[in-house]
S.K.: 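Have a look at this one.
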Number of protein chains: 2
Amino acid sequence: MAVTKASKNGAVIKAPGLEGIVALDSSLSFIDGSKGELIYVGYEIDDLARNTSFEEVGFLLWNGRLPDKAELANLNESLCAERILPPMVLDILKSCPEDANPMAALRTCVSALAHFDAEADDKSPEANYRKAIRLTARIPTIIAAFDRVRKGLEPIEPLRTGSTAFNFLYMLNGEEPGQAAERTFDACLVLHAEHGLNASTFTGRVIGSTLSDMYSSIVGAIGALKGPLHGGANIEVMKTLLEIDRSGVDPANVVRDKLAASERIMGFGHRVYKTLDPRASILRDMVEAVSDEKGSRKWYDMSIAMMEVMEREKRLYPNVDFFSASVYYMLGIDIDLFTPIFAMSRITGWTAHLLEQWKANRLIRPRAEYVGPRDLKVQPIDSRT
Amino acid sequence: MAVTKASKNGAVIKAPGLEGIVALDSSLSFIDGSKGELIYVGYEIDDLARNTSFEEVGFLLWNGRLPDKAELANLNESLCAERILPPMVLDILKSCPEDANPMAALRTCVSALAHFDAEADDKSPEANYRKAIRLTARIPTIIAAFDRVRKGLEPIEPLRTGSTAFNFLYMLNGEEPGQAAERTFDACLVLHAEHGLNASTFTGRVIGSTLSDMYSSIVGAIGALKGPLHGGANIEVMKTLLEIDRSGVDPANVVRDKLAASERIMGFGHRVYKTLDPRASILRDMVEAVSDEKGSRKWYDMSIAMMEVMEREKRLYPNVDFFSASVYYMLGIDIDLFTPIFAMSRITGWTAHLLEQWKANRLIRPRAEYVGPRDLKVQPIDSRT
């Protein structure tokens, strides 16, 4: 890309929404939307999703290289050891109203984790690395416990063994997931781990740039991800699939009717990827495997039918949200947990960006242009109108 | 200022830390650092601090004009009615370890307030305005209760009457403040209510720009204010004053020794204000009045002595943090509450910025430039080194 340096001589550049502005350098991920390419620290997403686990990708993002066998065993051991929540965080979950917003509950619980972390305000790189692991270990436990509690069920204690994906599905559903389920969910976590300077990652780095702590930064990132312009697209996809299922109408016809009525169909096209979203094709095969393991190809067939019409009629391709929706649903995950699960994966990218930010910190702070009134004088209250 | 528009033709401008970039227009405040000028919505800060209350300034920031008598009475009534905390938020405070970071506790409690606000995810302008009032009413109660609980005291229920300043000092100390104390603390709240697109306000707007909710945005702003590059300067000022007091040495000599040793003295000079910080001179007179009401001019005299040396030897003038430190201390406020009190005032500016953001929302999202490796291939774990 053509890069110009902002002038240093006091002149000011106006860039609403910061569009077209490069705020920082990063070694974490590269997106080439025109080629449909996404890489994490040099590796193509396809290569990572097929050949590494979520835990290996976490290590890659935090350390800038893939782990060897001993390092991975070590990381897995730390993750297993850190999964249990402080009792007070469970109490917060139990005190939430039944209809509490899952992202709000996650935000509060992650904030409260800090109260019970002796290293919360230790800003050494070593303590921050340990906190990144701790957060990655505990967020799945929070989400699963939240869902159990609101359903009147006892939270299930995390296992001291097994992958993040296996363990989360076990804590959520109370039974061990099948191989395809674990494998596919693990791949979903890999696919969502990192995606450049999106709004939540940017939020985390802005907070971190004041030299605030990791918990404050992550709590802010969770708040940004809660926004419908950021997280939440796969929720809309699943709502459409459920609506088609209830109606009993041929999915291809539903899509055609929606297109004729100029309705937007979620899960197709992407602001960044102008051709294929590279994450979607990886997921497509996996949805099929999970469908077979679960013994029903209903959602898979419906998705393929929708996809074919969209490709033919609009030349729009499915994005990562399109297939993750039915995967999550088949895995027994309520649709309002899709965004928390995004957070459970992205926590690795968020914390990696913070480690990167703090290696060479610089306050991130643009300006506003004042366009309000001037030269007013306070009038006595009785004479104000 | 000279303003250039960022180019739209796909070219990219590099601006580390977003320095010199105007991200948005705002009608809330204007700072002219070279003239030592700060205005809120057209009014000079001096005029506001001397002639209006914190509640009037809140109304001004939220509505773009000062209230008339009926509107102010109405706002005060709403604030009084909204001060009480949901019992679960008090439970969170009671479960905090004694040495919990006050900003972390505030962050968790404000996040938890959302669980008990039926309007938390109502994004209408009316509901957002009510939430701005609710947050302004409840943050003082959280801070006072936090301090009581950690000292083993029962939290004091807020009064159903009286100003924010009066009520906070009453809930904190268990006794009604004197006139000069209330007046000065009220002025401190006015002086800190708004200050352009600083890092916490910017954080709030970035989160809000995803169309996330007000609680998420404010929780993020609190996290940013917790950073020592943003909040916290008056804590350092008070530590210096306490150190001088304990040493028994003439403050002028302490300053001279520190200058000779090239140590930085906090509370003087300002990144933005190149002449006087207009907020400092207002506070100076008020510190004197509080000193007389409290019957001791110790901190005032010490501050003036320091100030005189700094002016003479370095041509540096005190900033708002220099005088707010001793004001807060004289009012019986522990020094680690200084930043939470900043939040208790700035909540008006933060929420006003959010109301402004959502009037014409646009996602705030710069880019990163990828500087990491390329073209790597995942190797089998046994062959990694």
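When reading the values below, keep in mind they use all heavy atoms of this one structure, side chains included, and skip hydrogens, waters and symmetry mates. First the proteins, then the strands, lettered A, B, ... as listed; each starts at 1.
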S.K.: In terms of side-chain geometry, is the basic nitrogen of B/Glu119 or B/Lys131 positioned less than 4.0 Å from the acidic oxygen of its partner?
M.R.: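 So B/Glu119 does not pair with B/Lys131 through a salt bridge.
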S.K.: Could you measure the distance from the CG atom of A/Leu113 to the CD1 atom of A/Ile218? Nearest 0.5 Å is fine.
M.R.: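 CD1 of A/Ile218 is found 11.5 Å from CG of A/Leu113.
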S.K.: Any side chain to side chain donor-acceptor pair (under 3.5 Å) involving residues 39-48 of chain B? Give me the pairs, sequence neighbours left out, ordered by first then second residue.
M.R.: B/Asp46-B/Arg50, B/Asp47-B/Asn51
S.K.: Starting at CZ of A/Arg365, measure out to CG of B/Leu229 and round the result to the nearest 0.5 Å.
M.R.: 12.0 Å
S.K.: To the nearest 0.5 Å, how far apart are CG in A/Leu24 and NZ in B/Lys14?
M.R.: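 NZ of B/Lys14 is found 9.0 Å from CG of A/Leu24.
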S.K.: Which one of B/Asp375, B/Leu60, B/Asp213 has the most heavy-atom pairs closer than 4.5 Å to chain A?
M.R.: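 Sorted descending by pairs with chain A, the first entry is B/Asp213.
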S.K.: Which of residues 25-32 of chain B get closer than 4.5 angstrom to chain A, counting heavy atoms alone?
M.R.: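 At a heavy-atom separation under 4.5 Å, chain A is reached by B/Asp25, B/Ser26, B/Ser27, B/Leu28, B/Ser29, B/Phe30.
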S.K.: Under 4.5 Å heavy-atom distance to chain A, tell me which part of B/Thr52 shows up: side chain, backbone, both or neither.
M.R.: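 For B/Thr52, the side chain is the part near chain A, not the backbone.
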S.K.: Quick one: what part of B/Asn198 sits under 4.5 Å from any heavy atom of chain A, side chain, backbone, both or neither?
M.R.: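 B/Asn198 touches chain A through backbone and side-chain heavy atoms alike.
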S.K.: Could you tell me which of A/Gly42, A/Ala199, A/Pro97 has the largest number of non-hydrogen atom pairs under 4.5 Å with chain B?
M.R.: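 Ranked by heavy-atom pairs under 4.5 Å with chain B, first place is A/Gly42.
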S.K.: Looking at A/Ala104, A/Ser216, A/Ser217, A/Ala112, which makes the most heavy-atom pairs under 4.5 Å with chain B?
M.R.: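 Top count of heavy-atom pairs under 4.5 Å with chain B: A/Ser216.
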S.K.: Does the A/Trp358 side chain pair with the main chain of A/Gly208, one donor and one acceptor, at a distance under 3.5 Å?
M.R.: yes
S.K.: Among A/Thr201, A/Val41, A/Ile222, which residue has the highest count of heavy-atom pairs closer than 4.5 Å to chain B?
M.R.: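 Looking at each option in turn, the highest pair count goes to A/Val41.
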S.K.: Whether the side chain of B/Thr210 engages the backbone of A/Ala224 through a donor-acceptor N/O pair (distance < 3.5 Å, no angle test) should be reported.
M.R.: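 The answer is yes, because a donor-acceptor pair under 3.5 Å joins these two groups.
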S.K.: Could you have a look at A/Leu211, A/Ile364, A/Val378 and say which one has the most heavy-atom pairs with chain B under 4.5 angstrom?
M.R.: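 Top option by heavy-atom pairs under 4.5 Å: A/Val378.
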S.K.: Who passes side chain to side chain donor-acceptor pair (under 3.5 Å) against B/Asp91, sequence neighbours left out?
M.R.: none
S.K.: Considering only heavy atoms and a distance below 4.5 Å, find which of B/Lys123, B/Lys377, B/Arg205, B/His230 pairs most often with chain A.
M.R.: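 So the answer, after comparing B/Lys123, B/Lys377, B/Arg205, B/His230, is B/Lys377.
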S.K.: What part of B/Ile39 gets closer than 4.5 Å to chain A, counting heavy atoms only: side chain, backbone, both or neither?
M.R.: side chain
S.K.: Give a yes or no answer on whether the side chain of B/Arg362 reaches the backbone of B/Ser209 with a donor-acceptor pair at less than 3.5 Å.
M.R.: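 No, because the side chain of B/Arg362 does not come within donor-acceptor range (under 3.5 Å) of the backbone of B/Ser209.
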S.K.: Count the heavy-atom pairs under 4.5 Å between each of A/Gly196, A/Cys109, A/Ser111, A/Gly223 and chain B, then report the option with the highest count.
M.R.: A/Ser111
S.K.: Applying side chain to side chain contact (heavy atoms under 4.5 Å, CB included), can you list everything that pairs with A/Ala114, at least two apart in sequence or on another chain?
M.R.: A/Ala120, A/Tyr215, B/Arg107
S.K.: Counting heavy-atom pairs under 4.5 Å with chain A, which one of B/Ala105, B/Gly372, B/Gly220, B/Gly17 comes out on top?
M.R.: B/Gly17
S.K.: If you measure from CZ on A/Phe146 to CG on A/Leu90, what distance do you get to the nearest 0.5 Å?
M.R.: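 Interatomic distance, A/Phe146 CZ to A/Leu90 CG, rounded to 0.5 Å: 13.0 Å.
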S.K.: Looking only at heavy atoms and a cut-off of under 4.5 Å, which of A/Ala100, A/Pro67, A/Gly64 has the most pairs with chain B?
M.R.: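 Going by pairs under 4.5 Å, I would pick A/Pro67.
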S.K.: Could you go through the side-chain contact (heavy atoms from CB on, under 4.5 Å) check for A/Ile381 and B/Glu56 one step at a time?
M.R.: CA-CA 10 Å; A/Ile381 195 160; B/Glu56 284 171 272; 4.2 Å; yes
